[in-house]
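The shown structure was predicted, so the numbers you read here are calculated from the model rather than taken from an experiment. Below, chain A is the first sequence line, B the second, and so on; all start at residue 1.
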Amino acid sequence: MSRYATKETEAKWQAAWADQKVFTAKIDPSKPKYYVLEMFPYPSGRLHMGHVRNYAMGDLTARYKRARGFNVLHPMGWDAFGLPAENAAMQNKRHPAEWTYANIDSMRAQFGQLGVSFDWERELATCHPQYFRHEQKMFLDFWKNGLAYRKKSYVNWDPVENTVLANEQVVDGKGWRSGAPVERRELNQWFLKITDYADDLLSAITTLDRWPDRVRVMQENWIGKSQGAQLNFALTEASRKPGFEAVEVYTTRPDTVFGASFLAIAANHPLALALAKTDSAAAEFIAECNRLGTSEAVIEQAEKLGYRTGLFVSNPFVPGQELPVYLANFVLMEYGTGALFGCPAHDQRDFDFATKYNLPIVTVVRPREADASYTVGTGPFTDDGVLLNSGFLDGLTVAEAKKAACEQIEKLGIGTVKTQYRLRDWGVSRQRYWGCPIPVIHCPSCGPVAVPDDQLPVTLPEDVTFDAPGNPLDRHPTWKHVACPTCGTPATRETDTLDTFFESSWYFLRFASPRAEEAFDKDAVAYWLPVDQYIGGVEHAVLHLLYSRFFTRALQQCGYVDMKEPFAGLFTQGMVCHQTYKSADGQWLFPTDVRQDEAGAFIEITTGQASTPGRVEKMSKSKKNVIDPDEIIGAYGADAARLFVLSDSPPERDFEWTTAGIDGAWRYVNRLWRLATEPAADKPLAAYGAALPDKIDGAADKLLRLTHKTIRDVTDGLEQFHFNKSVALIRELTNAAEDLTGTDAASAWVRRFALVSVIRLIAPMMPHVTEEIWAYLGHSPEGMLVNQPWPSFDPALTVDTNVTIALQVNGKMRGTLELPRDITQAAAETAALADASVQRALDGRAPKKIILVPNRLINVVG
RNA sequence: GCGGGCGUGGUGAAACUGGUAGACGCGCUGGACUCAAAAUCCAGUUCCGAGAGGAGUGUCGGUUCGAUUCCGACCGCCCGCACCA
């Protein structure tokens with residue numbers, strides 16, 4: 001029995017596709033275009049199984065759409081800036097560029113072995129000056145158009161590393177590498193004005209009808225629109241300070257102003273800072289808050305604390321009522337006005353605060369069914385209800401009272417109706433070397449000045465060291481010292497680089513014309529964009545996808561492109577998981593370090609000791625539950641690996657890698673190969689080009705009809721991203737083709753038709769073995785399988801002449817009947833009542849009613 | 001707490017708008033081939049029951065001739081958001 005030779009065959013076809021430039025995309029206005037894009041990878045050096053799954057799906061889509069007659073664009077590039085390169089530089093004394101480009105080379109080779117249909121002529125790497133020179137221009141254009149600005153902002157500062165940390169890099173309030181407590185520090189940072197587009201980004205979500213609901217919901221939550229009022233609480237005479245007449249607060253519950261019992265302001269609120277100058281206890285409290293860091297997880301865990309300032313404000317709705325002003329560690333300067341009023345009776349947090357500091361709790365909303373004597377008890381009442389103890393609002397519902405309160409606020413001239421967003425402007429400054437330099441020069445007399453066009457790109461100096469903490473750009477002896485482009489006096493370059501989300505916010509546009517002198521060739525963008533199908537992990541549901549949506553709008557505003565939504569269709573695939581194992585002393589073990597003994601117990605191979613199997617979790621280096629794609633491709637070939645990751649689970653769900661699963665896929669590859677090359681004596685295949693037999697009936701006719709049905713259903717499955725169902729249908733057809741015996745011409749012809757249909761349907765998943773079988777079966781004169789159109793089906797042959805109908809009595813299954821299609825009610829009744837099991841179940845009773853669902857079932861009610 | 005999703009054999013999962021639950025795969029059991037093993041092939045595999053038959057899609061209830069599917073209550077799991085004023 002011959003085994004299919006994966007290595008030689010896969011390499012052969014990969015070379016053939018490349019030689020004929022099969023996947024090179026060219027603009028062709030006569031054909032409909034289809035842009036398939038998988039999120040481009042960070043060049044870590046090796047593909048992991050998550051990549052294999054992601055790119056198997058993208059490649060399937062690209063190859064399928066090509067066969068359907070689309071002009072497909074399927075490019076690949078590298079998200080090449082980022083921290084790991086700097087970490088590697090520190091550990092291995094290798095320059096980040098050298099390390100990155102070497103990684104790109106090895107990953108490109110791995111993609112080649114997988115047989116993914118990329119157009120490599122469009123390859124780009126974001127760390128290349130020919131890429132980021134456009135990005136620097138964009139940044140400057142954003143600045144000119146008011147979409148980029150500089151402001152002081154609080155960051156997570158690692159005092160040992162001398163750098164800013166992202167929130168994810170802060171673990172338990174400490175730097176992930178240094179272990180030093182993270183500080184809140186105020187730095188001058190560049191921001192992009194994503195908030196300008198908050199409302200548009202939110203309302204346009206409804207147009208993204210080919211995006212998963214959950215991603216749309218996540219973006220809605222992230223933008224976090226709320227409607228409310230901004231209003232002033234005047235400071236009492238005794239509390240006034242120069243420049244502070246009142247405290248402005250934001251509220252979504254203007255209906256509860258009558259129930260206010262305190263004001264709370266952020267520790268870094270201007271009033272708090274003014275107060276700190278004369279009040280050392282307040283200054284102490286503020287310093288304590290700043291030690292907390294800015295990570296939301298940290299803030300959440302911290303105890304809610306207040307400091308009573310001794311200042312008072314007047315309640316604008318209750319003449320004469322004075323409310324104490326607190327500094328509070330839970331009030332965020334970044335949201336609203338950095339100040340709020342507390343209404344303990346109708347808000348959980350305010351209730352807790354009031355209880356802790358013994359503040360009054362005034363009930364101003366009662367449940368509809370309660371009477372006017374209602375007061376809140378052990379907790380706040382936060383539902384809808386009716387107002388009381390609230391002067392002109394009494395008797396109104398919450399919604400009516402909000403409206404009335406807002407009108408009153410505007411009439412009194414103390415505030416306005418205000419829509420607020422949770423979304424904040426995008427901070428893009430990073431104190432890092434391996435990123436795109438921000439093309440700005442700081443001049444002592446002119447301030448920040450744009451680097452002139454003819455001096456772009458600003459490139460990174462290569463002679464840098466990573467042996468000291470902090471930013472190598474900042475401590476480089478010469479790089480930052482330049483003359484001011486405006487006045488010529490000595491000035492310094494901006495030493496921060498851009499957040500790497502910047503590069504990934506426009507690469508999908510650059511792919512349309514990757515070698516164009518301008519950032520974008522207008523015709524190419526007009527033809528290829530938007531991306532028809534974007535595929536990637538759900539972990540990018542908010543940041544990358546929201547930034548890209550904003551960026552496209554910003555580019556439109558600056559005249560670069562004429563569109564605002566970059567991704568028409570989005571698919572988020574699940575993670576690749578694997579069982580974890582621990583050794584006897586509690587260390588993680590690689591799956592390859594563990595075997596099972598005869599009894600099924602897990603044994604650590606090197607020590608012979610028992611190993612404990614743990615949960616099935618996302619493959620990660622730290623838990624060692626990883627499988628190296630190279631080893632799998634070496635042992636089983638790319639086709640088996642691709643088939644397995646597509647066949648076992650719905651693509652949006654997590655996928656568990658198992659040895660048994662890849663074995664099963666491997667068996668199928670070989671089975672197909674044998675069916676084509678060594679058919680059994682009683683199961684011959686017709687010769688290439690054999691004429692359609694005059695008569696096909698019996699079992700051969702059934703297989704013929706099943707083949708047409710399968711072509712229809714597999715196509716539907718692929719259109720809907722139900723890859724696992726399509727695989728199941730193809731395997732079913734394979735089984736049926738193998739089950740048909742007979743050496744007659746009709747059987748041989750149909751058997752061949754079924755088998756050829758199988759390889760054509762599964763070719764987008766397993767492109768190599770199917771190409772080989774196609775050639776083996778004599779189709780070479782028609783050209784390669786990769787260039788064949790998608791198989792079509794004959795609707796007339798997707799229905800059977802006879803159908804199997806379920807037979808029920810009172811809704812319970814009593815058997816099945818083989819009947820001609822579309823029989824009449826009368827014929828169905830006769831057939832059903834003649835059935836022995838129906839008579840037994842009726843037990844002599846007369847049928848009251850007989851329900852016929854055409855070609856499906858007959859239900860006798862009796 | 002708010003929002004979204006999910007719960008089906010030993011296991012990954014199918015079942016279109018209510019109409020034969022468990023397709024397809026994995027595993028397992030038995031058999032064939034083999035000196036033997038691997039590979040391959042054949043048969044079986046939801047549970048109880050020898051059988052007829054009965055039960056069964058997280059739990060309880062409802063609608064219906066008929067419910068994995070629709071409605072109500074509950075239990076459990078996953079994901080996102082959250083001192084957001």
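Nucleic acid contact class of A:N724 (heavy atoms, under 4.0 Å, all strands): sugar-phosphate only.
Checking the phosphate oxygens (OP1, OP2) of B:C84, a side-chain nitrogen or oxygen of A:R349 falls inside 4.0 Å. Dashed line: the shortest gap from a side-chain N or O of A:Y250 to OP1 or OP2 of B:A85 is not under 4.0 Å. Between A:N735 and the phosphate of B:G25, there is a side-chain N or O to OP1/OP2 separation shorter than 4.0 Å. Residue A:R653 has no polar side-chain atom (N or O) positioned under 4.0 Å from OP1 or OP2 of B:C78.
Between A:Y357 and A:Y326, a ring centre-to-centre spacing shorter than 6.0 Å is recorded.
A:W222 pairs by the ring pair (Phe, Tyr, Trp, His ring centres under 6.0 Å) definition with nothing, not counting sequence neighbours. By the side-chain contact (heavy atoms from CB on, under 4.5 Å) test, A:L807 is found to be paired with A:L817, A:A832, A:D835, A:V838, A:I858, residues two or more places apart in sequence or in another chain being considered. Under the side-chain contact (heavy atoms from CB on, under 4.5 Å) criterion, A:Q825 pairs with A:E829, A:I850, A:L852, sequence neighbours left out. Applying the salt bridge (Lys or Arg N to Asp or Glu O under 4.0 Å) rule to A:E617 yields the partners A:K623; only residues at least two apart in sequence or on another chain are considered. With sequence neighbours left out, the side-chain hydrogen bond (donor to acceptor under 3.5 Å, both in side chains) criterion links A:Y547 to no other residue. Applying the side-chain contact (heavy atoms from CB on, under 4.5 Å) test to A:F351 and every residue at least two apart in sequence or in another chain returns A:T355, A:I361, A:P380. Listed by chain and residue number, A:R253 satisfy the salt bridge (Lys or Arg N to Asp or Glu O under 4.0 Å) test with A:D255 (two or more places apart in sequence, or in another chain).
Within the structure, no pair that satisfies the side-chain hydrogen bond (donor to acceptor under 3.5 Å, both in side chains) test touches residues 649-661 of chain A, not counting sequence neighbours.
Stem analysis of RNA chain B (at least three stacked-register Watson-Crick or G-U pairs, each with both distances under 3.5 Å) gives B:1-7 with B:75-81, B:10-12 with B:24-26, B:27-32 with B:40-45, B:46-48 with B:53-55, B:58-62 with B:70-74.
Residues of residues 251-265 of chain A that place a heavy atom closer than 4.0 Å to RNA chain B, in numerical order, are A:T251, A:T252.
Defined by atom type and a distance below 3.5 Å, a donor-acceptor pair is missing between the side-chain atoms of A:Y307 and A:N329. Counted by atom type alone, A:N855 and A:D822 present one or more donor-acceptor pairs between their side chains at under 3.5 Å.
Atoms CZ and CG, on A:R814 and A:L842 in that order, are 9.5 Å from each other to the nearest 0.5 Å.
A gap of 13 Å separates the P atoms of B:A14 and B:A23, to the nearest Å. The same atom, P, is picked in B:U34 and in B:A15; the two are 43 Å apart, to the nearest Å.
Checking A:A728 against A:I805, the closest nucleotide of RNA chain B that is more toward the 5' end is the one next to A:I805.
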Per-nucleotide protein contact string for nucleotides 62-74 of chain B (B base, S sugar-phosphate only, - none; heavy atom under 4.0 Å): ---BS--------
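Looking at A:R671 and A:E738, a side-chain N of the basic residue comes within less than 4.0 Å of a carboxylate O on the acidic one, giving a salt bridge.
For A:T824 (side chain) and A:A827 (main-chain N/O), a donor-acceptor pair under 3.5 Å exists by modelled atom type.
Atom-to-atom, CD1 of A:I223 to C1' of B:C81 comes out at 13 Å; the value is rounded to the nearest Å.
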Restricting both atoms to N or O, compile the protein contacts to nucleotides 51-53 of chain B shorter than 3.5 Å, with distance only.
unit_1: B:G53; atom_1: OP1; unit_2: A:R840; atom_2: NH1; d: 2.6

